[in-house]
Amino acid sequence: MNTARNTAVNTTVHRRGLLAAAAATGLTLAPVNFARAEDRPGTGPEGPHRTRTVRGTLPVGSPDYVYLPVEVPRGVVEFAVSYTYGKPPVPPGVQGNALDIGLFDERGTALGGRGFRGWSGGARTSFFVRSDAATPGYLPGPVRPGAWHIALAPYTVAPEGLPYEVTVTLRFGDAAPTPAPVYPPERARGRGRAWYRGDCHVHSVHSDGRRTPAEVAAAARAAGLDFINSSEHNTTSAHTAWEGLGGDDLLILTGEEVTTRNGHVLAVGTDPGVFVDWRYRARENRFGRYAHQIRRAGGLVVPAHPHATCIGCNWKFGLAEADAVEVWNGPWTPDDEVALAEWDNALVASVQSTDVRNAEAGPGRWLPAMGNSDAHREPDRLGHPQTVVLAESLSRRAILAGIRAGRSYLAESAALTLSFSATDGRGGHAGIGERLRAAADAPVTVRLKVSGAAADCTVRLVTDQGVLLTTPLPACAGVVEWRTTPAHAAYVRAEVRHPPAVPGLPGAFAALTNPVFLDVASGKAG
């Protein structure tokens, strides 16, 4: 290859040389042009190809997304990109440089994902797309002529700016056929109506994980899980990567971790191949549109690790559009404790009468809790924690219905099993996520049974008033019963905790239940 002739250097600084400014969240740079008639493809072991290199510097305050257009001529069979950026040292407490990357094809970069071809964030420094294959995180398909766009996303920028270098290589030849996508089945054999264990927040090499899909499936089986949800950051490329990895014993749902600059949300169990855009902030008032898209695609909207401390991870969109919320993410940490407290406050608000003058008006909508591992690599444990769901079958529709209804509890592993219910002495019974309607002063017995864990635990029963019972549970196994009335407790939920690592602070969870609600019926107990 004649490097001098076929490699162009186009230095771009955002204060100069811009083609156009988009909305506040995006800018478009000057295009990289491969269509000049005098250029002839270079040759070598990789076949005919052309290469261009672009260098520039992004200043502090750059938009969230900077688009580098690439004019793709006819006859291209592969679009390949590599990039680097400077990481100068910064003083303590000052953010250094981090630059994410993705790709949109000739159909454009408009919100909604029509032109989306892949995203790797900061997980890799190079990728390719061609008709029959693509780097994990990217979608195979034809490389059609037109203006493609490399999306550069400055996650953080050091005070002196973020210098970058992007190299684009186009390879020419005859395109291979694009394989038809094969998606996981939506139903597994299961055990009929039963409690099924799942982890709806897992990562593979298709985003920033280190496990292959085969390794994820093996780890799920080793953890005793019945279902998982494919939830890669901002890409659906893994949806076609599970062929042969599910089975009668493992249901694989397809979804996405929609990773915005104002928090992450799990799209759980969406239709295969459905891409949900992430390029907006809370102040733009766009999240409702994408929450509705998730539900239209059959999925659930679940804010993930809402109080995580990483930049951009803290959930800023509110919970009005959520179907559930992830209050336990991986090993128990203080930010999970904050998420738990926020969720419990929302439960209290949900049981307030819709009409304070009419106690019969009934409670409002409530938000179920979920627990997921967010496992990326060893030694992250899939299924720690897990959501255990009462479902009519091991199918996509039944599992999502169970999660949405809150018929679930969270456990640190498949070794721990519990049951939790309330009875009124007149044959009335309600399990997790259900409602027991009884007279305000009617005696109600709440019963928790725990088995399977090895270490000692403490049980806490929590109501809308707070923690009303704390009792030790040796070997984390046994039965705890407590009596109350609907007038005294609008709901009851159970916490099973390990001894605290720091005296005076609550211990990490072994298990956590969604609530049983005690609704007030008219009249008194007879």
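We use all heavy atoms of the structure for the numbers below, so side chains are in, but hydrogens, waters and symmetry mates are not.
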**Fill in**
CZ (Arg281) and CZ (Phe287) are apart, to the nearest 0.5 Å, by 16.0 Å
**Message:** For the backbone of Phe275 and the side chain of Gln293, can you confirm whether one donor and one acceptor N or O come within less than 3.5 Å of each other?
**Reply:** yes
**Prompt:** What distance do Tyr155 atom OH and Cys310 atom SG have between them, rounded to the nearest 0.5 Å?
**Reply:** 5.5 Å
**Item:** Candidate pair Asn372 and Leu266, rule side chain to side chain contact (heavy atoms under 4.5 Å, CB included), full reasoning
**Value:** CA-CA 11 Å; Asn372 300 301; Leu266 300 174; 3.8 Å; yes
**Message:** I'd like to check Thr57 versus Pro163 (side-chain heavy atoms, cut-off strictly below 4.5 Å). Are they in contact?
**Reply:** yes
**Request:** Kindly indicate whether the side chain of Asn314, heavy atoms from C-beta on, has any atom under 4.5 Å from the side chain of His307.
**Result:** yes
**Request:** Enter the distance from Tyr183:OH to Thr254:OG1 here, rounded to the nearest 0.5 Å.
**Result:** 8.5 Å
**Item:** Separation between CG of Leu367 and OG of Ser350, rounded to the nearest 0.5 Å
**Value:** 9.0 Å
**Asked** Testing Phe509, Trp343, Tyr409 for ring pair (Phe, Tyr, Trp, His ring centres under 6.0 Å) with Trp328, which one passes?
**Response** Phe509
**Prompt:** What heavy-atom pair brings Ala98 and Tyr85 nearest, and what distance separates the two atoms?
**Reply:** CA-OH, 3.6 Å
**Prompt:** Within the side chain of Glu186, is there an N or O that forms a donor-acceptor pair under 3.5 Å with the backbone of Arg397?
**Reply:** no
**Asked** Atom OH in Tyr138, atom CZ in Phe127: separation rounded to 0.5 Å?
**Response** 4.0 Å
**Message:** Test your reading of the model: is there a side-chain donor-acceptor pair from Thr212 to the backbone of Glu215, 3.5 Å cut-off?
**Reply:** yes
**Prompt:** Can you find a side-chain donor-acceptor pair between Thr51 and Thr169 that sits under 3.5 Å?
**Reply:** yes
**Prompt:** Can we say Arg295 and Glu321 salt-bridge, meaning some charged N sits less than 4.0 Å from an Asp/Glu carboxylate O?
**Reply:** yes
**Message:** If you define the side chain from C-beta out and look only at heavy atoms, does anything of Val72 sit under 4.5 Å from Glu106?
**Reply:** no
**4.5 Å side-chain heavy-atom contact, Leu99 and Leu58** = yes
**Item:** Working for side chain to side chain contact (heavy atoms under 4.5 Å, CB included), residues Thr270 and Thr236
**Value:** CA-CA 10 Å; Thr270 48; Thr236 59; over 6 Å; no
**Message:** Quick one, Val157 and Pro59 - any side-chain contact, counting heavy atoms below 4.5 Å?
**Reply:** no
**Asked** Any donor-acceptor pair under 3.5 Å linking the side chain of Arg124 with the backbone of Pro136?
**Response** yes
**Prompt:** Glu232 versus Ser204: any side-chain heavy-atom pair under 4.5 Å?
**Reply:** yes
**Message:** Any side-chain to backbone donor/acceptor pair from Asn514 onto Ser408? Under 3.5 Å, distance only.
**Reply:** yes
**Prompt:** Do you know the tightest heavy-atom contact between Pro303 and Leu319?
**Reply:** CG-CD2, 3.9 Å
**Request:** Quick one: closest heavy-atom pair of Arg117 and Gly141, and the distance?
**Result:** NH2-O, 3.1 Å
**Request:** Give the C-alpha distance, both sets of side-chain angles, the deciding distance and a yes or no for side chain to side chain contact (heavy atoms under 4.5 Å, CB included) between Val258 and Tyr290.
**Result:** CA-CA 10 Å; Val258 183; Tyr290 296 100; over 6 Å; no
**Prompt:** Would you say the side-chain atoms of Asn234 pair up with the backbone N or O of Thr259, donor to acceptor, closer than 3.5 Å?
**Reply:** yes
**Prompt:** Just by distance, do the side chain of His239 and the backbone of Gly273 share a donor-acceptor pair under 3.5 Å?
**Reply:** yes
**Message:** So which atom in Ala219 and which in Leu382 form the shortest heavy-atom distance, rounded to 0.1 Å?
**Reply:** CB-CD1, 4.1 Å
**Message:** Within a 6.0 Å radius of atom CD on Glu243, are there more than 12 heavy atoms belonging to other residues, nucleotides or ligands?
**Reply:** no
**Side-chain heavy atoms of Val143 within contact of Leu170, under 4.5 Å** = no
**Request:** Taking Ser207 for its side chain and Gly137 for its backbone only, find out whether a donor-acceptor pair lies under 3.5 Å.
**Result:** no
**Message:** Is it true that, when you exclude Arg144 itself, more than 12 heavy atoms of the residues, nucleotides or ligands shown sit nearer than 6.0 Å to its CZ?
**Reply:** yes
**side chain to side chain contact (heavy atoms under 4.5 Å, CB included) between Ile399 and Asp226, intermediate numbers included** = CA-CA 10 Å; Ile399 291 295; Asp226 299 296; over 6 Å; no
**Request:** Only pairs at least two apart or in different chains count here, so list each salt bridge (charged side-chain N to carboxylate O under 4.0 Å, His left out) that has a residue in residues 255-268.
**Result:** Asp64-Arg261
**Message:** How about CZ on Arg377, more than 12 heavy atoms from neighbouring residues, nucleotides or ligands closer than 6.0 Å, or not?
**Reply:** yes
**Asked** Would Arg211 and Glu378 pass as an ion pair if we require N to O under 4.0 Å?
**Response** yes
**Message:** Would you compute the distance between atom CD of Gln386 and atom NE2 of His201 and round it to the nearest 0.5 angstrom?
**Reply:** 16.0 Å
**Complete:** Closest non-hydrogen atoms of Cys200 and Phe227, given as atom of the first, atom of the second and distance, are SG-CE1, 3.7 Å
**Message:** Do Thr260 and Tyr280 pair up side chain to side chain, a donor and an acceptor below 3.5 Å, judged on atom types alone?
**Reply:** no
**Asked** Can you check whether Asn329's main-chain N or O pairs, donor with acceptor, with Asp374's side chain at less than 3.5 Å?
**Response** no
**Asked** Quick check: does any side chain N or O of Ser120 sit under 3.5 Å from a backbone N or O of Ala123, one acting as donor and the other as acceptor?
**Response** no
**Prompt:** For Thr167 and Thr53, does a side-chain donor sit closer than 3.5 Å to a side-chain acceptor?
**Reply:** yes
**Request:** Side-chain contact test, heavy atoms from C-beta onward, threshold under 4.5 Å: evaluate it for Ile150 versus Ile101 and give yes or no.
**Result:** yes
**Item:** Residues Asp335 and His305: side-chain donor-acceptor under 3.5 angstrom
**Value:** no
**Prompt:** Is it true that Asp271 and Arg396 have a side-chain N and a carboxylate O under 4.0 angstrom from each other?
**Reply:** yes
**Prompt:** How far apart are the closest heavy atoms of Thr28 and Pro69, and which atoms are they?
**Reply:** CG2-CG, 3.5 Å
